[in-house]
Amino acid sequence: MTIGPGDGQADAVEIEWQFDALDLRPAGRWLASLSAGSTSIGALGPITALARPTVVQEDLYLDTEDWRIAQAGYVLRVRKAKNKQEVTLKALTGHSKGIGSAPKRRREVNEPFADNASRWIEEGGPVGWRVSALIGRRPLQQVLEVQTRRRPFVLHLGDNDVAEVALDETAISIDNQNPMRLLRVEVEVLAPWVEVLAPLVEDLQRSSGLAPAPLSKFEAGAVARGYVIPTRIDLGPTAITSDTTIGALA
């Protein structure tokens, strides 16, 4: 997201609504209505949607053969798009504050890299050193390939860019067969504006016939491919009481 915090190497929390769509055109019409500047949010004034150039991005998800990164609760994504290449370590499962279609909040660490895609882990940047700590000497392998055509729109309120709405057409490769296809509307918002924009996002969902997405793109692809990802390693109870033995403490 171009309006997010940091300079491409941020350790941040992504706050995002994710919706499944049967068709992206209703959401496109909703955004076009915002572009006219006729929608206001109280005393904050009109909110507008500014279209950004459409981008085609290729996402490769990597893990070890025994799913070391997934077991730690993360996914590792290498993204390539025009004039942009970055590797991201993102929490596998986000949590929502509240119920229903509340946004998911997921920790993510981003790191740009140059044309030599294999050097980011050797250079020990913000993603590289974390991945090295998780996998040790185990080699990484590609577990999923995702291609997305994204139409982004920046939501502008007052003097601030407060959110980005992305209309995504996604194809996920499944064993050289016909790809799995998803239509998604994603709304990523800066933390101070979540409560302010929640009614607007509800209107987008209702007027465009959207449904909260139960799975991320990676999770949907993993289900389609039949992956069985191990649960996190159980290290036993962590509580210490007066009855805890020295052996249990160790």
Side-chain angles (χ1 to χ4, degrees), residues 1-18 52 55-96 103-148 150 152 163-164 166 168 170 172-173 184 186-191 213 215-222 225 227 229-233 235:
M1 179 180 179
T2 58
I3 67 171
D7 58 359
Q9 299 190 33
D11 184 349
V13 175
E14 176 193 64
I15 305 174
E16 184 177 60
W17 281 270
Q18 295 181 336
R52 294 290 185 254
V55 296
V56 176
Q57 56 196 29
E58 177 185 79
D59 293 335
L60 301 179
Y61 289 89
L62 309 176
D63 209 323
T64 62
E65 185 177 4
D66 58 353
W67 297 99
R68 285 282 161 165
I69 296 173
Q71 286 191 68
Y74 287 84
V75 294
L76 176 63
R77 182 190 70 201
V78 176
R79 170 165 291 176
K80 297 180 180 180
K82 184 178 181 180
N83 300 326
K84 183 179 182 181
Q85 297 184 122
E86 69 177 3
V87 59
T88 297
L89 192 64
K90 179 180 290 192
L92 183 58
T93 302
H95 66 278
S96 300
K104 293 181 179 179
R105 300 168 186 258
R106 294 187 294 178
R107 183 187 181 197
E108 68 172 25
V109 186
N110 297 304
E111 179 182 342
F113 64 87
D115 291 337
N116 189 341
S118 63
R119 288 195 56 82
W120 60 267
I121 193 168
E122 301 170 7
E123 293 173 351
V127 174
W129 76 259
R130 287 175 169 89
V131 172
S132 294
L134 288 173
I135 68 174
R137 296 184 178 181
R138 298 171 182 83
L140 290 170
Q141 61 185 21
Q142 180 179 317
V143 296
L144 203 64
E145 180 180 352
V146 178
Q147 292 186 331
T148 298
R150 167 166 288 184
E164 180 180 272
D168 287 353
T170 295
I172 303 175
S173 299
R184 285 278 171 93
E186 299 185 353
V187 184
E188 187 174 349
V189 59
L190 297 179
L215 301 174
S216 68
K217 291 170 183 172
F218 171 82
E219 291 167 327
R225 295 192 68 128
Y227 288 146
I229 300 177
T231 57
R232 300 185 188 186
I233 299 173
L235 300 178

Of the non-hydrogen atoms in [X] and [Y], which two are nearest, and what is the gap between them?
X      : Y      : result
Gln18  : Leu215 : OE1-O, 4.3 Å
Ser216 : Arg106 : CB-NH1, 3.8 Å
Ile229 : Ala70  : CG2-CB, 3.4 Å
Leu144 : Lys217 : CD2-O, 4.4 Å

Atom pair [atom1] ([X]) and [atom2] ([Y]), whose distance is rounded to the nearest 0.5 Å:
X      : Y      : atom1 : atom2 : result
Glu188 : Glu14  : CD    : CD    : 4.5 Å
Arg107 : Leu89  : CZ    : CG    : 8.0 Å
Leu140 : Leu134 : CG    : CG    : 10.0 Å
Glu16  : Glu164 : CD    : CD    : 9.0 Å

Item to check | With Thr88 via side chain to side chain contact (heavy atoms under 4.5 Å, CB included) - residues at least two apart | outcome: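 Residues passing side chain to side chain contact (heavy atoms under 4.5 Å, CB included) with Thr88: Arg77, Glu86, Lys90, Glu108, Asn110.
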Quick one: does [X]'s side chain get under 4.5 Å of [Y]'s, heavy atoms only?
X      : Y      : answer
Val127 : Leu76  : yes
Val131 : Trp120 : yes
Leu62  : Ile69  : no

Next on the checklist: Against Tyr61, only a single residue in Val78, Val146, Ile172 fulfils side-chain contact (heavy atoms from CB on, under 4.5 Å); can you say which?
Outcome noted: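 Answer to the side-chain contact (heavy atoms from CB on, under 4.5 Å) test with Tyr61 among Val78, Val146, Ile172: Val146.
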Next on the checklist: Checking Lys80 against Glu58 for the salt bridge (charged side-chain N to carboxylate O under 4.0 Å, His left out) test, could you report, in this order, the C-alpha distance in whole Å, the side-chain angles of both residues, the deciding distance, and whether it holds?
Outcome noted: CA-CA 5 Å; Lys80 297 180 180 180; Glu58 177 185 79; 5.1 Å; no
Checklist entry - When you look at Arg184 and Thr148, which way does the side-chain contact (heavy atoms from CB on, under 4.5 Å) test go after all the steps? => result CA-CA 10 Å; Arg184 285 278 171 93; Thr148 298; over 6 Å; no
Checklist entry - Going through the checks in order, is the side-chain contact (heavy atoms from CB on, under 4.5 Å) test met by Glu65 and Gln141? => result CA-CA 7 Å; Glu65 185 177 4; Gln141 61 185 21; 4.1 Å; yes
Checklist entry - Should the pair Arg130-Glu111 be classified as a salt bridge under the 4.0 Å nitrogen-to-oxygen rule? => result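 Salt bridge between Arg130 and Glu111, a charged N being under 4.0 Å from a carboxylate O: no.
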Next on the checklist: Test of understanding: with side chain to side chain donor-acceptor pair (under 3.5 Å), list the residues that count as partners of Asp59, not counting sequence neighbours.
Outcome noted: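 If we apply the side chain to side chain donor-acceptor pair (under 3.5 Å) test to Asp59, skipping adjacent residues, the hits are Arg79.
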Is the backbone of [Y] close enough, under 3.5 Å, to the side chain of [X] for a donor and an acceptor to pair up by distance?
X      : Y      : value
Asp63  : Arg68  : yes
Tyr227 : Val143 : yes
Gln57  : Lys84  : no

Next on the checklist: For Tyr74 and Val109: C-alpha separation, side-chain torsions, deciding distance, then whether side-chain contact (heavy atoms from CB on, under 4.5 Å) applies.
Outcome noted: CA-CA 10 Å; Tyr74 287 84; Val109 186; over 6 Å; no
Checklist entry - With under 30° as parallel and over 60° as perpendicular, where do the rings of Trp67 and Phe218 fit, or are they tilted in between? => result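 Trp67 and Phe218: perpendicular rings.
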Checklist entry - Listed by chain and number, what are the ring-ring contact (aromatic ring centres under 6.0 Å, His included) partners of Trp129, not counting sequence neighbours? => result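 Applying ring-ring contact (aromatic ring centres under 6.0 Å, His included) to Trp129 gives none.
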